[in-house]
Amino acid sequence: MDIFTDQNDNAYVRIECAELLETIAVNLNGKHFDDAFQCFTNGLKDTDLDMQYSCAKSLITLSKKLNDTQLDKVFSAFIRGLKDTNQWGRRSFVKSLRIIATKASEKQLEEVINVLMSRLKDEDEYVRVSCAILLA
């Protein structure tokens, strides 16, 4: 977890650590799980898109263990990611949102639908098609 907080300059090292932490975190509970969750949510803001995707993937893997507050933070982060200016970032977050949307509360589902509808006019065809499929 120190690699996340130290902001190691090597994205490959951060990604490898994220994958290792994911493997460990599925067996963690309490504060240790909460700390791992925080590392992954912080990683969603990383400047490296591969690191963002790795952290999103890890959060999806851990989604069965997330409490309502944590799940709400994940939904909010994924929705913010759909508004990213980088098309590859939007692609990554729409793919992540597609997987985790089945766990959405009614309020979250409404928010997801609204942001997906707004992305139907995205400049990136992949994002538009993915949003349409998810809405269907």
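Each residue takes its place number in the sequence, starting with 1. For the numbers below, each heavy atom of this structure counts, side chains included, while hydrogens, waters and symmetry mates do not.
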If you group Ile, Leu, Val, Met, Phe, Trp and Tyr by side-chain heavy-atom gaps below 4.5 Å, do Ile133 and Met117 land in one group? no
Start with the C-alpha gap between Asp34 and Gln70, add the side-chain angles, then the distance that decides, and say whether side-chain contact (heavy atoms from CB on, under 4.5 Å) holds. CA-CA 9 Å; Asp34 294 342; Gln70 291 169 327; 3.0 Å; yes
Please lay out, stage by stage, how Glu19 and Thr23 fare under the test side-chain contact (heavy atoms from CB on, under 4.5 Å). CA-CA 6 Å; Glu19 290 173 1; Thr23 302; 5.8 Å; no
Does the Ser63 side chain pair with the main chain of Ile60, one donor and one acceptor, at a distance under 3.5 Å? yes
Scanning both residues in full, the closest heavy-atom pair of Glu123 with Arg90 reads CG-NH2, 3.6 Å
How long is the gap from SG on Cys55 to CG on Leu59, to the nearest 0.5 Å? 7.0 Å
Within one Ile-Leu-Val-Met-Phe-Trp-Tyr cluster: Tyr126 and Leu82, side-chain cutoff 4.5 Å: yes
Sequence neighbours excluded, every pair satisfying side chain to side chain donor-acceptor pair (under 3.5 Å) that has a member inside residues 111-121: Arg119-Asp122
Heavy-atom pair with the smallest gap, counting every atom of Ala56 and Ser96: CB-OG, 3.4 Å
Could you go through the side-chain contact (heavy atoms from CB on, under 4.5 Å) check for Leu120 and Leu135 one step at a time? CA-CA 10 Å; Leu120 290 174; Leu135 282 167; 3.8 Å; yes
Just to verify, what does Asp48 make a salt bridge (charged side-chain N to carboxylate O under 4.0 Å, His left out) with, not counting sequence neighbours? none
Same apolar cluster: Val129 and Val127, side chain cutoff 4.5 Å: no
Of all heavy-atom pairs between Ser58 and Ala18, which one has the smallest distance, and what is that distance? OG-O, 4.0 Å
4.5 Å side-chain heavy-atom contact, Phe78 and Leu44: yes
Drop me the distance from Lys73's NZ to Asp68's CG, to the nearest 0.5 angstrom. 12.5 Å
For Arg14 and Asp46, run salt bridge (Lys or Arg N to Asp or Glu O under 4.0 Å): C-alpha distance rounded to whole Å, both residues' side-chain angles, the deciding distance at 0.1 Å, then the answer. CA-CA 10 Å; Arg14 292 194 312 274; Asp46 198 278; 2.8 Å; yes
Heavy-atom side-chain contact between Ser92 and Leu49 under 4.5 Å: no
Quick one: salt bridge (charged side-chain N to carboxylate O under 4.0 Å, His left out) partners of Lys57, sequence neighbours excluded? Glu22
Heavy-atom count check: over 12 atoms from other residues, nucleotides or ligands less than 6.0 Å from Glu16 CD? yes
Taking atom types as modelled, find out whether Asn42 and Gln38 have a side-chain donor-acceptor pair closer than 3.5 angstrom. yes
Verify same cluster id: Tyr53, Phe75 (apolar side-chain graph, 4.5 Å): no
Is there a side-chain contact between Leu62 and Phe37, using heavy atoms and a 4.5 Å cut-off? no
Do Leu109 and Val74 share a hydrophobic cluster (ILVMFWY, side-chain heavy atoms under 4.5 Å, transitive)? yes
Does atom OH of Tyr12 have more than 12 heavy-atom neighbours, drawn from other residues, nucleotides or ligands, at distances under 6.0 Å? no
Other residues, nucleotides and ligands only: do more than 12 of their heavy atoms fall within 6.0 Å of CZ on Phe93? yes
Knowing that exactly one of Ile24, Asn27, Asn67, Leu28 qualifies, which makes a side chain to side chain contact (heavy atoms under 4.5 Å, CB included) with Phe33? Leu28
Sub-3.5 Å donor-acceptor pair from the side chain of Ser54 to the main-chain atoms of Asp50, do we have one? no
